[in-house]
Amino acid sequence: MNAAALMPGRTLATAFVIWFVHFMLCWAASEFWAEDAPATWLAWAFTAAALLAIGVHGAWLRSLGRHGEVDQPTLRIARGANAVATVAVLFTALPSIVWRA
Amino acid sequence: MDRRQPVDQAEQSHARLPRAVGQRVARTGGLHGVAAVTPSGQEGTAAARAAASAAAEPSETGFDTALYARFPTRGKRPPGELAALEKAWQTPAGWRRFSAVNNNFIGFLFIVTAFGFFIAAGVLSLVMRVQLAAPLAGIVPQETYNQLFTMHGSVMMFLFAVPAVEAMAVMLLPQMLAARDLPFPRLSAYSYWAYAIGGVVFFCSIFFSLAPDGGWFMYPPLSDGVYAKGINADLWLLGIGFIEISAIAGAIELVVGVLRTRAPGMSLLKMPVYAWAILIFGVMILLAFPAMIMVTFLLELERAFNWPLFDATRGGDPLLYQHLFWFFGHPDVYIIFIPASAMLSTMVVTVARKPLVGHEIVVLAMIATGFISFGVWAHHMFTVGMPGLSAGYFSAASMAVAIPAGAQVFAWIATLAASDKLQRNTPALFLVGGILIFVMGGLTGVMVGMVAFDGQAHDTYFVVAHFHYVLIGGMLFPLFAGFYHWTPMINGRPLSERVGRWVFWLSFVGVHVCFLPMHLSGLMGMPRRVDTYLPGRLWELPNLVSTVGAFIMAAGALLFLIDAIRCYAFSGKDGGDSAGNVFGGGTLEWLPAGNYSVRSIPVVRDLEPLWADPNLAADVEAGRYFLPNTATGARETLITSTTKAEPQYLQIMPGPSWWPFLAALFTAGSFLLLTVKATGLSAVCAVLTVFCLMRWLWENDRHLPQKQVDVGAGILLPTYVAGPQSHGWWAAVLLDVVLGVIFLMAMFSYVYLFNAHPDWWRVPAPAGAVLPGGLLLGAAAALAYGARPVMARSKRGSGLSALMLLLSAVALSAALAVDVQAWWQAGLRGEASGQGASVYAMLGWHASVVVAVVLSALYYVLRWVRGLAPGPANKTMEAIRLLTLFAALEAAAGLLLPRVLPWSFT
């Protein structure tokens with residue numbers, strides 16, 4: 001099994017994995033520091049990190065596209081996944097902005 | 001993952017794929033002296049152009065895709081070739097039929113059984129509706145009513161919904177991928193028999209007042225040893241746990257099937273939406289169902305040994321149960337919905353006679369739905385008092401998941417709207433009706449996703465209405481559409497169109513008459529799970545109307561049943577000889593097929609290959625594509641690469657066998673006898689199960705004298721591959737993933753309870769076990785890791801590797817014993833606190849994995865003694881090696897976690 005064989009799976013799943021990790025970290029923080037400020041600050045920190053990770057992933061996708069390492073349809077879906085994950089990360093973070101204990 | 005080529009890993013000459021595949025046989029005159037290879041002068045044809053285009057892309061495996069231009073071949077196939085194929089794939093007759101493993105036989109049984117459970121659970125719901133038709137009715141006593149709603153929910157979710165979509169996949173997928181069968185036919189058979197035997201015994205418990213009565217989720221403390229005495233809850237726990245194992249076995253089969261048995265050329269993006277859905281469905285089962293296995297394991301531990309995992313007075317927490325249950329439970333809804341939605345996507349294309357609008361968006365939407373569904377579980381727990389911020393996160397995710405689901409709905413509507421020649425038939429009615437009902441259920445889902453609204457509607461009939469709309473629109477109607485759509489494929493002739501319309505309208509009207517008033521009764525405050533209500537609360541009329549609706553739906557189901565019996569009982573097709581493509585479908589399941597699936601495996605160049613190439617069916621049937629015969633005289637299929645579906649090797653498939661059936665029978669016996677505390681008999685059944693499993697596997701993994709065979713048009717493929725190229729390796733990895741997620745859930749339980757009740761963490765962790773335990777685990781991992789290179793490089797590698805695996809299992813066992821003894825000597829007791837219960841639960845689960853490793857190692861040694869473990873590599877060794885490495889990793893995590901959190905030692 002070479003790296004190229006795993007590439008489509010990786011490109012399609014990475015953005016959503018970033019969202020899932022972000023979601024679980026935000027939730028874990030809210031459970032550990034229920035109704036306390038650290039839960040909110042950590043959520044913002046996790047959100048910044050997640051957006052950065054999605055940005056890096058987007059740049060990697062662009063690089064793959066330039067070098068023709070992944071076919072265009074896969075790349076289109078991967079970019080779509082990146083966009084959906086970005087919105088999902090921001091949407092997940094929304095309660096930490098509006099919620100006041 | 002080891003990405004080296006198999007030849008480098010195994011040092012096995014015939015594993016040299018890129019050089020072995022794609023070579024033409026020396027004889028150029030034609031195949032078997034009769035068939036001619038398409039000459040190179042065919043570049044002007046569409047096939048040749050497509051092949052040239054494929055060849056321009058870099059290969060995934062080294063296979064020369066220009067070879068696709070050789071298909072379709074010309075000339076007649078040798079006489080007797082088809083007869084040999086039919087003989088190899090013949091289904092046993094008479095009572096031996098129960099030993100059959102073909103997907104079309106097992107899949108059909110699966111569907112029939114699942115539908116039987118649907119009818120049975122539906123009858124239970126009718127009794128409930130009669131009871132609720134009027135206030136203070138006394139049709140059934142309260143205890144029976146509690147059993148009825150528990151069994152209705154449990155049977156519908158565990159014995160109908162998931163198995164039905166899995167059954168459709170077992171039936172459809174190989175045909176849709178043009179594979180001869182699923183990659184592990186005996187695993188399919190085991191999965192089915194385990195489900196059927198366990199399910200029937202579980203369902204029959206209601207006739208003996210032994211059915212569980214704590215709701216389909218069985219929350220503690222209602223289900224713990226204090227409030228649920230007797231064996232009813234145990235029957236649920238062990239029965240459901242057993243059925244989960246069946247679902248996971250099926251999921252492994254399907255995931256490997258989608259990834260490794262697609263027709264050549266069917267790259268991921270030329271793969272039907274349905275196959276995508278089954279891939280996502282399978283992966284979701286592998287990630288979600290382990291939580292259910294762990295939670296049933298924990299509750300059974302609490303009930304059997306009084307370990308307070310969910311008892312808040314001793315450091316446990318009932319909310320832990322809810323988290324684990326819903327981590328499985330909510331994705332389960334999407335596990336049901338995603339394949340059903342893909343059935344809709346497939347049928348919409350046929351009904352509209354147009355390609356699916358936004359195919360890529362639909363694929364993306366399904367992936368997004370699959371992921372986001374893992375972030376919504378706690379919206380079932382909004383009213384338990386979790387932190388407000390947590391509730392906010394789950395509320396946000398619950399609303400977000402509606403977006404990809406909505407994208408699919410828009411794609412279906414757009415496809416139908418784009419059509420100028422819509423088919424107006426029963427499948428079309430069911431799919432349009434299903435979309436409408438699903439959208440209505442989805443909208444109320446967004447409502448209950450809001451924390452404030454859910455606080456009002458929680459545990460009322462509003463929620464009952466919501467999830468019935470979602471499941472009926474998102475799964476039941478697509479399934480019925482599928483029955484009407486694919487019956488001609490299975491049976492050679494369709495169900496009655498006229499009766500079908502009656503079935504549709506009765507079902508459609510019945511759904512609304514039954515469930516629409518429940519929104520109202522719920523908003524008026526009627527709680528769920530009550531066996532009766534007082535008069536004068538204005539609940540009488542909506543309840544009466546709902547009961548009438550339930551009977552209208554039941555009339556539809558009955559009519560369908562009669563028509564189905566009529567259609568299938570007088571089938572003119574035995575095993576299948578004609579696809580009966582009456583609706584003009586474009587995907588490969590509509591190719592003419594028999595027990596062997598398609599006569600030859602086509603090269604796929606489009607999403608709807610039958611539309612793109614009108615001659616495809618005739619060419620496939622004439623044997624002009626891959627594998628037109630049985631190259632070795634046995635059952636075979638092509639294994640292709642994961643992304644571009646390039647041919648890699650020929651899989652020799654196992655034939656009919658009694659062992660899967662017997663293994664399932666004894667597994668069921670072992671589980672169910674435990675419920676009546678017959679531990680001795682249960683142990684005997686467990687031993688017999690292990691024997692049957694080993695006997696079943698004993699016949700697999702054989703090297704053939706023919707190292708390479710001609711799979712058509714002179715293309716040679718190997719007949720045996722071990723390591724990451726092998727489909728068996730993928731299944732072994734998936735099994736380890738499942739075991740890993742189960743253990744992650746055990747670790748989560750430990751962390752959750754520590755966070756909830758740190759005051760109960762009173763026994764400092766024994767640090768003395770870390771060094772000896774760590775050393776033993778290191779040795780176990782090193783021995784298992786070294787088994788492969790030793791086998792490949794040493795003259796006596798075969799025996800040495802068997803010895804190394806055995807020693808590795810011994811080291812793992814010793815490490816476990818060291819850890820358990822250290823905790824015991826430190827004074828930790830399972831029944832004393834949440835700490836003790838969660839630590840010993842982790843170790844207990846790990847012990848079961850260690851037992852599996854020890855048995856596997858002994859089995860491998862036995863194979864070596866009988867000369868069935870040849871070097872330089874074999875698949876059995878690879879699978880056991882992976883399991884042992886995983887077990888070492890798991891043990892290390894179990895050793896470290898309770899010593900790191902909390903950070904206190906003795």
Side-chain angles (χ1 to χ4, degrees), chain A residues 1-9 12-13 15-36 39-40 42-43 68-85 87-101, chain B residues 1-6 57-62 259 267-270 279 283 323 359-361 363-365 367-368 370-372 374-376 378 386-397 399-401 403-404 407 451 641-644 646 723-726 729-730 748 751-752 755-756:
Chain A
M1 196 53 48
N2 55 30
L6 295 171
M7 195 68 86
L12 296 179
F16 290 120
V17 169
I18 293 169
W19 167 81
F20 184 69
V21 171
H22 169 256
F23 178 86
M24 292 301 281
L25 289 174
C26 287
W27 171 64
S30 73
E31 288 283 333
F32 276 112
W33 291 277
E35 323 294 352
D36 286 341
T40 310
L42 280 169
E69 289 178 50
V70 176
D71 55 64
Q72 283 304 313
T74 305
L75 210 54
R76 277 199 300 274
I77 297 181
R79 284 178 181 147
N82 227 26
V84 173
V87 174
V89 163
L90 291 171
F91 203 50
T92 299
L94 194 61
S96 67
I97 296 166
V98 299
W99 175 256
R100 289 288 176 270
Chain B
M1 177 177 290
D2 192 335
R3 294 182 190 134
R4 289 173 299 151
Q5 290 295 313
E57 293 175 10
S59 169
E60 182 185 355
T61 61
L259 290 176
S267 63
L268 286 177
L269 290 157
K270 287 178 192 155
L279 180 60
V283 171
H323 277 296
H359 172 85
E360 291 171 11
I361 291 173
V363 171
L364 175 60
I367 299 172
F371 268 95
I372 298 176
F374 280 96
V376 301
M386 63 175 157
L389 191 53
S390 293
Y393 292 141
F394 287 104
S395 181
M399 288 180 219
V401 79
I403 297 167
V451 182
S641 62
T642 50
T643 305
K644 295 186 176 175
E646 293 170 0
Q725 299 281 355
S726 144
W729 184 90
W730 283 72
F748 167 79
V751 174
Y752 187 89
N755 181 50

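Residue contact with chain A, scored on non-hydrogen atoms closer than 4.5 Å, involves the backbone and the side chain of B:Leu389 alike. Within the 4.5 angstrom heavy-atom criterion, atoms from both the backbone and the side chain of A:Val17 approach chain B. There is no contact between A:Leu94 and chain B, counting heavy-atom distances below 4.5 Å. Residue A:Trp27 touches chain B through both its backbone and its side chain, counting heavy-atom pairs closer than 4.5 Å.
Residue-environment remark: CD1 (B:Ile361) stays at or below the threshold of 12 foreign heavy atoms within 6.0 Å.
Every side chain to side chain contact (heavy atoms under 4.5 Å, CB included) that B:Val751 has, sequence neighbours left out, goes to A:Phe32, B:Leu897, B:Leu901. When the ring pair (Phe, Tyr, Trp, His ring centres under 6.0 Å) test is applied to A:Phe20, no partner is found at least two apart in sequence or on another chain.
Taking the six-membered ring where tryptophan is involved, the planes of A:Phe23 and B:Tyr393 are perpendicular, since the angle between them exceeds 60° and thus also 30°.
From A:Gln72, atom CD reaches atom CD of B:Glu360 across 10.0 Å, with rounding to the nearest 0.5 Å. Expressed to the nearest 0.5 Å, how far OG1 of A:Thr74 lies from CG of B:Leu268 amounts to 7.0 Å. The CZ atom of B:Phe374 sits 10.5 Å away from atom CE of A:Met24, with the distance rounded to the nearest 0.5 Å. The distance from atom CZ of A:Phe91 to atom CD1 of B:Ile372, rounded to the nearest 0.5 Å, is 10.0 Å.
B:Ala368 and A:Val84 get closest at one heavy-atom pair: CB-CG1, 4.3 Å. Nearest heavy-atom pair across B:Ala396 and A:Thr92 is CB-CA, 4.4 Å.
Ranked by heavy-atom pairs under 4.5 Å with chain A, the first of B:Ile367, B:Leu364, B:Ile403 is B:Leu364.
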